[in-house]
4 protein chains.
Amino acid sequence: MSKLQDIITISRKIIYYKGYQATSISDILEEAHIGKGQFYHYFSSKRDLGLAVVEDLVKEWDRDVFEGIFATDLDPIVKLNKMLDRTLAIHLDEEGHSGCPAGNLAIEMSEHDETFRLKVHYIFDRWISSIEGALSELKMQGHLTSDIDAKQHARAIVSMIEGGILLKKSQKEDGFLTNAIAIIRAQYRLS
Amino acid sequence: MSKLQDIITISRKIIYYKGYQATSISDILEEAHIGKGQFYHYFSSKRDLGLAVVEDLVKEWDRDVFEGIFATDLDPIVKLNKMLDRTLAIHLDEEGHSGCPAGNLAIEMSEHDETFRLKVHYIFDRWISSIEGALSELKMQGHLTSDIDAKQHARAIVSMIEGGILLKKSQKEDGFLTNAIAIIRAQYRLS
Amino acid sequence: MSKLQDIITISRKIIYYKGYQATSISDILEEAHIGKGQFYHYFSSKRDLGLAVVEDLVKEWDRDVFEGIFATDLDPIVKLNKMLDRTLAIHLDEEGHSGCPAGNLAIEMSEHDETFRLKVHYIFDRWISSIEGALSELKMQGHLTSDIDAKQHARAIVSMIEGGILLKKSQKEDGFLTNAIAIIRAQYRLS
Amino acid sequence: MSKLQDIITISRKIIYYKGYQATSISDILEEAHIGKGQFYHYFSSKRDLGLAVVEDLVKEWDRDVFEGIFATDLDPIVKLNKMLDRTLAIHLDEEGHSGCPAGNLAIEMSEHDETFRLKVHYIFDRWISSIEGALSELKMQGHLTSDIDAKQHARAIVSMIEGGILLKKSQKEDGFLTNAIAIIRAQYRLS
DNA sequence: TATGAATGAGGATTCATTCAT
DNA sequence: TATGAATGAATCCTCATTCAT
């Protein structure tokens, strides 16, 4: 792995846990075992690193969720289940206590930095579109009643997941996320 | 209004907009037109102010939502609708662009400071219990089928609202919140 | 003397000797025996201090040269001689080896910062106007031939003084300045 | 042109415009399109480059002014006029707004680095000697009265030129230099 | 109560220079 | 010759907090 990617990966973990503002360059230097000069050799500023971190997140979503799940020719039910499984896996993991990486940045950065916001915006936008696509397929298959508004429901699904993750973080109870996902599965008869 | 409450109110606005970490004492002094001495007369530290701000939020919820809505003997449908109306009113207001005051703090502070987390925890907890109570009433009235798990649904409702607010902030589209609330109303036949 | 004026006075000395860019905040803190916080309590930035220093210089000129010499009703010959005496006194002093405080800043800052430039511009402008006035008086007195262009000569006088100071600094020979001033005195029959 | 000379030429321009201290190695690398390694292959330090730049200036003066003008067997009036013409040409050029390259370094570096100072000292010294020589020739020709002190006047001429250039930079008016030179021409009946 | 001067640790960033390749 | 990764001291600046008045 390149040093640059190395720094991004380590920074992503720290920023995920501490938040972007609360993370200091020193935190990163220490964890990555590099000097100030090296950091600024790769990144022109803390913001530059921050954007690289979000970009890394974007790429991961593109690869794992959009290309890896929704762009395949799997059955829409399988797609949606895989996406929900992935979400659960990530957030029930020992390192998944800090909420949604995208959602955290959305809340912390949206009002301060439009560039950050747009990158997070892209993730949510593509996520919703993908779900909308799958729901539309389900409608055509007759699995869902045809009067359903796929876009509205896609938005509701993502809202419930994000809300579930947020509450899980604040209430320290996994149930908030598992419950949200169980309700989604029930609602759209995915299991 | 007392000077103390004045400072809290002003700080709450700034912290709501900027986030707790990104807000400096100076920001508050400037906006409140006070000096350092006065600030440290009322608060022993920034954290102390932060906690007072969350406490202020807690009190507002206790007054406006729990006592003002759920503790009354209104019809449960009316209660839920009033709560949803209030949510919409706050977040569609010009000053409501920065997300959920409680949710923001949940994300920003939960991992750093247990005292902050517990205060936010209390808000969400009481919110969910109140909704759960209303849903139970609705079940008893026969308005909802009796196989419904009130607690799970209360959690789902709050999740969807919080998720809707989060996405509204990041995607800059009111639709995320109005949609979430419309779906809730439809789901539980509140309108 | 106030702490603020204290810092300005100390900074002026250091900046005079080292130059503005080469002077670090730490240099000033050390010499003034103050902490960073105190410095930034009085000045919002290094540039802010720099401007205060030039402003201090401007005020000194206003007081000592313009009001103290040229605005009086002394004989124009006396005025010019007093000004030349003052120049010599300052630059032949042990602490006057670093050139002209205004000229140094003119060279170092003119191209970088218009605000600095304008303050220095003001000093030179007023200096030249004052000399021009004195020369005009001399013309009216018949001390100088009437075909002389007072403005041109005022400019030439200041040019020769500034050039003399510059060369004195570089060549480390007082003669450059004393010579320039002797020539001026001879030229306009001031002694 | 060799790479080394290329770097010196580019650096000279940047240092002339920005000043030595304010010029960073990176500024030079960028403008010269070279890497760190190449730079430190040619120069052992920033100071080393700085000295090479002044040396380049010295050589140019030796070639263009001392050998090209004063060492010829031209008439002293022609010599002096050529020198003044050259000065005007350089400083009225679009790229001549930043003052006198030698004078700037004199002010910025004289107190900090004796080696820099001595190189600038050499330029001024030879310049003055050359003018002194020409004035002496003029005296012998009877063009100037014999009671004139050639050395003093040579110094005065350089002082007025340097002062004129300094004021032109600070006051942003070409008149300061053209005026100084016009007065010199008039004084010694060069035109 | 209130002021604002003072402290000093810590933050982001720059920069000349070295070194492995 | 040449590259650019790496170093680390130093720079400007912020900020929560304390203290004298």
Side-chain angles (χ1 to χ4, degrees), chain A residues 2-4 6-7 18 20-30 32-50, chain B residues 2-4 7 20-30 32-50, chain C residues 2-4 6-7 18 20-30 32-50, chain D residues 2-4 7 20-30 32-50:
Chain A
S2 76
K3 199 80 201 172
L4 185 131
D6 205 30
I7 298 173
K18 286 197 154 191
Y20 172 77
Q21 315 245 24
T23 299
S24 77
I25 304 282
S26 303
D27 290 337
I28 290 158
L29 302 186
E30 223 166 283
H33 301 291
I34 54 170
K36 299 217 157 153
Q38 194 172 2
F39 177 87
Y40 281 97
H41 176 67
Y42 290 109
F43 303 99
S44 63
S45 64
K46 183 183 173 183
R47 180 173 181 265
D48 190 33
L49 166 75
Chain B
S2 75
K3 197 80 202 169
L4 185 129
I7 297 174
Y20 173 77
Q21 316 245 22
T23 298
S24 74
I25 304 277
S26 302
D27 289 337
I28 288 158
L29 301 185
E30 218 166 291
H33 303 290
I34 54 168
K36 294 231 155 126
Q38 198 168 175
F39 177 87
Y40 280 96
H41 171 68
Y42 289 112
F43 304 99
S44 64
S45 66
K46 182 183 174 184
R47 181 170 179 268
D48 191 32
L49 166 75
Chain C
S2 76
K3 198 82 202 170
L4 186 130
D6 204 30
I7 297 173
K18 287 197 155 192
Y20 173 76
Q21 315 245 23
T23 299
S24 76
I25 304 281
S26 302
D27 289 336
I28 289 158
L29 302 186
E30 227 165 280
H33 302 291
I34 54 169
K36 299 215 159 156
Q38 194 172 2
F39 177 87
Y40 282 98
H41 176 67
Y42 290 109
F43 303 98
S44 63
S45 65
K46 182 184 173 182
R47 180 172 180 266
D48 190 32
L49 166 75
Chain D
S2 75
K3 197 79 204 170
L4 184 129
I7 297 174
Y20 173 77
Q21 316 245 23
T23 298
S24 74
I25 304 276
S26 302
D27 289 337
I28 289 158
L29 301 186
E30 218 167 290
H33 302 291
I34 53 168
K36 296 231 153 126
Q38 197 169 173
F39 178 87
Y40 280 96
H41 171 69
Y42 289 112
F43 304 99
S44 64
S45 66
K46 183 185 174 183
R47 181 171 180 266
D48 191 32
L49 166 75

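The structure presented is a predicted model; accordingly, all values stated were derived computationally and were not measured.
Of the candidate nucleotides dG8(E), dA2(E), dA6(F), dA6(F) has the atom lying nearest to any side-chain atom of Q38(A). When each of dA16(F), dA6(F), dA2(F) is scored by its nearest atom to the side-chain atoms of K3(A), the top-ranked nucleotide is dA6(F). Between dT18(E), dC12(F), dT13(E), one nucleotide has an atom nearer to the side chain of K36(D) than all others, and that is dT18(E).
Using a 4.0 Å heavy-atom criterion, one finds that G37(A) contacts the bases of the nucleic acid, with or without backbone contacts as well. Backbone-only engagement by T23(A) is indicated by non-hydrogen atom pairs under 4.0 Å involving sugar-phosphate atoms exclusively. Nucleic acid contact class of F43(B) (heavy atoms, under 4.0 Å, all strands): none. Among the atoms of the strands shown, none is found under 4.0 Å from any heavy atom of F39(B).
One interatomic measurement links the two molecules: CD1 of I7(A) to C1' of dT7(F), which rounds to 13 Å at whole-angstrom precision. Between L29(C) atom CG and dA6(E) atom P there is a gap of 13 Å when expressed in whole angstrom units. Here the P atom of nucleotide dT7(F) and the CD1 atom of I25(D) are 20 Å apart, to the nearest Å. Atom-to-atom, CZ of R47(A) to C1' of dG11(E) comes out at 18 Å; the value is rounded to the nearest Å. When rounded to the nearest whole Å, the span between CD1 of I34(A) and C1' of dT13(E) equals 14 Å. For the pair L4(A) CG and dG4(F) P, the interatomic distance rounds to 15 Å; values are reported in whole Å.
Dashed line: the shortest gap from a side-chain N or O of Y40(B) to OP1 or OP2 of dG4(E) is not under 4.0 Å.
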(request) Using Watson-Crick or G-U wobble pairs with both distances under 3.5 Å, give me DNA chain F in dot-bracket, 5' to 3', with [ ] for crossers and | for pairs to another strand. (result) .||||||||||||||||||||

